[in-house]
Amino acid sequence: MLLFFDSFDHYTEGRLTDKWNTKFGLTVPFGGGPTVTAAAARVGQGLRLGQAAQCTKSLPDTQTFIFGFALKIESPLGDRRICYVRDEATIQLYLRISATGKIFVHNGSGTVLGISSRSLTVGKWNYIEFKATISHTVGSFELRINRTFQGSGTLLDTQLSTHQYINNFGFGETTNNGLYINVDDLYICDTTGTRNNNFLGIQAADAVFPRANGLYSEWNLFGAGSAFSAVNEHTSDADTSYRYRNDGLALADIFFFDPVRETPGGVAGVAYSVHARKLYGNNTSFTPYTRPGTFDGASGGTNYTGDRLYLETEYAYHQYLMEMNPAAGTWTAKAINATQFGVK
C-alpha cells in the first residue's frame, strides 16, 4: 500500500515543511529554477541536498517497507549518506554513496550489510529502490538500481531501536562535506494490500493543477477571479487567494485538472495534495471529493467521498492517497483526465 509520494513540483523550499516534517540546513536553492532536467524523464523541480542538508517525513509504524526515488550525484563524487529510515530518532538503516559511486547499505550502528554491484556516474539520473524488514534476527534487504538487482541479505540485524519498525524517512546527512545530490519522484509503500505492496519499478510523480471549475463551485471566493484560479498556484500563495467555508454546511468545490501524460506502465495511484488551514474551531475538517467522468470529458454521475482530514491553524499539505479509481478499478491517465477532483 502506498504510504507517501512526492513529485517536489508543487512547492518551494519555503513550503517544504508544509509537506515534510522537518528540514535542516537546506540553504541551497529549491524552487528558484528547476533543479531537475528532462534527462531520464525527470522534469519540473527536484530536491537538491548538500552542505549538511536533511529533510524528514513521518510514516506509520512499518516493519517491512519499500521506497524508490530518482537520484543524480553532482560533481565531485564523494562519500555521503543519501537517505535513512528511523524509529523516532534512532536510525535503523541508511544508504550511502561512496567515492567510487557504489551504494552501501548500513545498519544504524554503521555496519555494512551490502554494496551495490554497479557504480553510479556523476551527472546521470538513476532510479534507486530499496526494500527491507526490521528485525534483530530475521532482518533483510534488497537493493535495485533502474530495476536491476544489486544485492540482498537475509537473517540480518537491521534493528537498532527497541522496536521492529520504522516510522520516519529522511534524505541527507549532518556532515558538511560539500557534496550535492538531487532527488526526485519519491514513493514509499509497505507490503499490505493487493496493490503497491512490492517494488514498483521506475516511477514518475506528476503534479497537475486545476484548469477549470467543475460541476460544483459552492465555496466562497477570495482574492481571485474564479474558483479554480484561487487554488491553482504552482506554489501556494496562502492567504492571498483561496476558497473557504465558515458555515459548517456540507458543500463541495471540484475542478478539472491539467492532463497527465500517458503512462504505459500503469498508474500506481492518485494523491490529493490540499494546502489548507483552519481559522478557528476544534474539529474543522474537509473530505476529498471525487467525481469520475466519461472519457469524452463529460461529467460522470457519481460522487465519492474520501476519509475526513482535520486542519490546524497553520497551513499544511494534506495528502490523501487513492490507489484505485472508485468508479472503475485501477487508474489510467485517460480516467484521471476525465475526473473532477475537489473537497467537501
Side-chain angles (χ1 to χ4, degrees), residues 2-24 26 30-31 55-61 88-89 167-169 207-258 269-291 303-322 326 339-344:
L2 279 173
L3 302 177
F4 179 70
F5 67 81
D6 203 344
S7 67
F8 302 101
D9 291 340
H10 57 287
Y11 55 91
T12 59
E13 181 185 339
R15 293 287 180 196
L16 182 66
T17 52
D18 289 358
K19 189 166 189 180
W20 291 67
N21 294 93
T22 62
K23 68 173 182 177
F24 308 97
L26 284 169
F30 181 90
C55 61
T56 67
K57 179 66 180 178
S58 295
L59 301 168
D61 295 343
E88 300 299 338
N167 49 33
N168 189 279
F169 173 89
V208 294
F209 302 87
R211 61 175 173 82
N213 295 344
L215 182 63
Y216 307 118
S217 295
E218 298 174 333
W219 288 33
N220 299 315
L221 176 65
F222 180 86
S226 63
F228 83 92
S229 62
V231 295
N232 69 348
E233 313 90 39
H234 287 207
T235 297
S236 170
D237 64 8
D239 287 336
T240 300
S241 65
Y242 52 85
R243 300 283 286 171
Y244 70 98
R245 296 296 311 184
N246 57 7
D247 51 19
L249 299 178
L251 300 176
D253 255 11
I254 59 176
F255 308 94
F256 288 104
F257 278 70
D258 296 332
V270 170
Y272 280 85
S273 190
V274 181
H275 196 242
R277 70 177 181 92
K278 67 179 181 180
L279 188 60
Y280 54 80
N282 292 330
N283 294 301
T284 305
S285 63
F286 70 91
T287 58
Y289 208 52
T290 308
R291 188 176 179 85
N303 302 317
Y304 297 89
T305 303
D307 296 334
R308 188 162 296 279
L309 303 176
Y310 290 88
L311 304 177
E312 300 296 335
T313 54
E314 298 295 326
Y315 275 106
Y317 283 101
H318 299 267
Q319 187 176 82
Y320 178 71
L321 293 163
M322 294 193 300
T339 298
Q340 299 169 69
F341 299 94
V343 295
K344 184 175 183 180

TODO: Go through Cys55 and Leu16 one step at a time and tell me if the side-chain contact (heavy atoms from CB on, under 4.5 Å) criterion holds.
DONE: CA-CA 9 Å; Cys55 61; Leu16 182 66; 4.1 Å; yes
Task: Contact check, side chains of Thr290 and Met322, non-hydrogen atoms, under 4.5 Å - done: yes
TODO: Check whether any side-chain heavy atom of Thr339 lies under 4.5 Å from a side-chain heavy atom of Arg291, and answer yes or no.
DONE: no
Open item on the list: Suppose we screen for side-chain contact (heavy atoms from CB on, under 4.5 Å). Which residues come up paired with Glu233, at least two apart in sequence or across chains?
Closed with: Ser236, Asp237, Ser241
Open item on the list: Please evaluate residues Leu59 and Asn168 with respect to the criterion side-chain contact (heavy atoms from CB on, under 4.5 Å), reporting the C-alpha separation (whole Å), side-chain torsions for both, the decisive distance (0.1 Å), and the verdict.
Closed with: CA-CA 5 Å; Leu59 301 168; Asn168 189 279; over 6 Å; no
Task: Heavy-atom pair of closest approach, residues Ser229 and Gly225 - done: OG-N, 3.8 Å
- [ ] Could you walk me through whether Lys19 and Asp6 pass side-chain contact (heavy atoms from CB on, under 4.5 Å), step by step?
- [x] CA-CA 9 Å; Lys19 189 166 189 180; Asp6 203 344; 3.3 Å; yes
Open item on the list: Test side-chain contact (heavy atoms from CB on, under 4.5 Å) on Lys344 and Leu251; report intermediate values, then the result.
Closed with: CA-CA 5 Å; Lys344 184 175 183 180; Leu251 300 176; 6.0 Å; no
Open item on the list: In the structure I gave you, are the side-chain heavy atoms of Trp20 and Phe4 within less than 4.5 Å of one another anywhere?
Closed with: yes
- [ ] Identify the two heavy atoms, one from Ala271 and one from Leu321, that lie closest to each other, and give their separation to 0.1 Å.
- [x] CB-CD2, 3.6 Å
TODO: Indicate the atoms forming the closest heavy-atom contact of Phe255 with Pro210, along with that distance.
DONE: CB-CB, 3.9 Å
Task: Plane angle bin for Phe209 and His234 - parallel if under 30°, tilted between 30 and 60°, otherwise perpendicular - done: parallel
- [ ] May I ask you to check whether Phe341 and Tyr272 place their ring centers less than 6.0 Å from one another?
- [x] yes
- [ ] Apply ring-ring contact (aromatic ring centres under 6.0 Å, His included) to Tyr11 and Tyr317, showing your working.
- [x] CA-CA 10 Å; Tyr11 55 91; Tyr317 283 101; 5.7 Å; yes
Open item on the list: Within the 4.5 Å heavy-atom criterion, are Arg243 and Asn220 side-chain neighbours or not?
Closed with: no
Open item on the list: Tell me if the aromatic rings of Tyr242 and Phe222 count as close, with their centers under 6.0 Å from one another.
Closed with: yes
TODO: Identify, with sequence neighbours excluded, every residue that meets side chain to side chain donor-acceptor pair (under 3.5 Å) alongside Asn213.
DONE: none
Open item on the list: Are Leu221 and Tyr244 packed together at the side-chain level, in the sense that at least one heavy-atom pair is separated by less than 4.5 angstrom?
Closed with: no
Task: Residue pair Thr287, Arg308: steps toward the side-chain hydrogen bond (donor to acceptor under 3.5 Å, both in side chains) verdict - done: CA-CA 5 Å; Thr287 58; Arg308 188 162 296 279; 4.9 Å; no
- [ ] Could you tell me which residues satisfy side-chain contact (heavy atoms from CB on, under 4.5 Å) with Tyr315, sequence neighbours excluded, listed by chain and number?
- [x] Arg15, Asp18, Ala238, Asp239, His275, Arg277
TODO: Say whether, by atom type as modelled, one donor and one acceptor occur between the side chain of Glu218 and the main chain of Ala252 under 3.5 angstrom.
DONE: yes
Open item on the list: What I want to check is whether the side chains of Thr56 and Thr22 have a donor and an acceptor closer together than 3.5 Å.
Closed with: yes
Task: Heavy-atom pair with the smallest gap, counting every atom of Gln340 and Gly214 - done: OE1-CA, 3.0 Å
Task: Short side-chain to backbone donor-acceptor contact, Arg211 and Phe257, under 3.5 Å - done: yes
TODO: Check whether any side-chain heavy atom of Ser285 lies under 4.5 Å from a side-chain heavy atom of Leu311, and answer yes or no.
DONE: no
Open item on the list: Could you report the tightest heavy-atom contact between Gln319 and Leu3, atom names first, then the distance?
Closed with: OE1-O, 4.4 Å
Task: Minimal non-hydrogen separation, Ser58 against Asn21, with atom names - done: N-OD1, 2.6 Å
- [ ] For Tyr289 and Asp253, test the side chains for any donor-to-acceptor distance below 3.5 angstrom and give the result as yes or no.
- [x] no
TODO: Taking the side chain as every heavy atom from C-beta outward, state whether Tyr320 and Leu309 have any pair of such atoms under 4.5 Å apart.
DONE: yes
